[in-house]
Amino acid sequence: VTVVVQDAVVVLYGALGVLIASRHGRNPIGWIFCFVAVSLGILSFASGYADYALYARDDSPPAAVLAAWVASWLFIPAVYISVSYLFFLFPDGRLASARWRPVFWAVSVFAVVAALTTALEPGRLYSFPTVENPFGVGGPFGRIAAGAKELTDLAAMPVLLVSLGSMVSRLRGARGRERLQLKWITYAAALTAVSFALSFLAGSLTGDWAGLSDLFFLAGVVGFAGIPVAAAIAILKHRLYDIDRIINRTLVYATLTAALASVYVGGVVTLQIVFRALTGQGSQLAVVASTLAIAALFGPLRRRVQGFIDRRFYRKKYDAARTLEAFSARLRDDIDLQALGADLVGVVGETVQPAHARLWLRPPSHVREEER
Amino acid sequence: MSGRASRIARTLWGLGLVFGAAGLLFGILAFRAPFRRGGGLYW
């Protein structure tokens with residue numbers, strides 16, 4: 001399963017890397033994507049071959065140990081470094097400001113140390129516990145490497161969050177087009193980070209219900225695959241202005257799914273209790289009734305949630321829609337052209353909020369000709 | 001600049017795809033093996 005996901009990411013990142021690099025050759029973002037594609041491809045090969053040669057064959061060829069070793073550390077440059085560089089350099093290939101330069105270099109040094117110590121740490125490999133690290137360093141240097149690896153393991157998540165912080169600070173300072181570009185990728189990055197965090201949390205809280213943890217992990221993978229898509233959309237400036245709608249819909253459907261799921265589970269549990277009290281045994285009817293209930297609830301509940309989200313987070317747009325509705329209602333009754341014109345200018349000013357609005361009516365000259 | 005950059009990027013992507021396909025092949029072989037020794041964390 002991991003190999004399939006990795007290959008899907010190789011296809012996605014590589015395609016977008018080619019797309020961006022050939023249009024914006026000087027922008028490092030495209031090259032970062034290409035690097036992810038190559039290194040994840042090699043990682044997929046190394047882990048697939050090691051898996052096959054170590055676990056599915058009688059003999060273990062020496063190349064299998066080498067492949068297992070490559071697979072044990074390559075994910076650090078392939079995923080970790082590339083993602084944090086992406087956060088630092090998106091969208092124009094430059095750092096957010098000069099103040100981020102030392103942070104950027106610190107993260108780079110940290111990542112190189114993490115990759116080196118993982119590659120040189122003596123003992124068994126983490127991903128392949130049956131293999132002893134062929135390049136593990138003994139003696140005092142080995143102990144230093146092992147200690148440094150403990151540290152980098154601990155700091156890995158905070159360091160990634162720092163690079164995400166660079167992007168968030170850029171988003172706060174950005175206006176107009178750049179703000180929209182950043183919104184796209186911050187959306188994907190936030191989806192990835194929050195989903196992985198929830199997956200970890202769900203895994204440790206509900207140890208026996210792994211389904212929930214897996215579900216969030218899947219959402220995280222989708223988010224990770226969404227990062228290059230979002231970046232490409234932003235850089236190539238396609239469909240840039242749809243991001244607000246997508247965020248809006250995600251809020252709506254996430255709330256809707258949570259509400260319907262709780263109605264379903266609650267309905268099944270309650271009805272089972274009721275049936276048990278009435279007939280002395282559980283019934284499939286509870287499941288059927290709950291399913292019918294959420295099917296009936298879907299439409300009205302979606303409209304309610306959409307209305308709530310629009311009122312709560314998209315106040316301006318909601319008010320504009322209400323103003324236009326009211327104006328079209330007045331339009332039916334009003335016949336005084338002068339009042340209507342003033343009203344129209346007022347509505348335009350309220351909804352579009354231009355610097356200046358003026359209404360120009362073409363004088364009906366041909367009518368006057370006829371009157372004479 | 002653009003043509004050369006495009007070629008290099010395409011080559012990198014192609015390498016990734018070839019390696020990725022090989023990884024997929026070995027992954028399937030490992031998954032379909034009739035007997036498997038040890039853990040096999042990846043599945």
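Proteins come first, then strands; the chains are lettered A, B, ... in the order of their sequence lines, and each starts at number 1.
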Distance only, no hydrogens: is a donor on one side chain within 3.5 Å (strictly under) of an acceptor on the other, for A:S163 and A:Y85? no
Option in A:F33, A:F35, A:Y49 with maximal non-hydrogen atom pairs under 4.5 Å from chain B: A:Y49
Chain B contact via A:L40 - side chain, backbone, both or neither, heavy atoms under 4.5 Å: neither
Checked A:A67, A:S39, A:C34 vs chain B; the most non-hydrogen pairs under 4.5 Å come from A:C34
Closer than 3.5 angstrom, by distance alone: can the side chain of A:N133 be matched with the main-chain N or O of A:E121 as a donor-acceptor pair? yes
Do the ring planes of A:W69 and A:F135 sit parallel (below 30°), tilted (30 to 60°) or perpendicular (above 60°)? tilted
Looking only at side-chain N and O atoms, does B:S6 offer a donor or acceptor that is under 3.5 Å from a partner on B:R10? yes
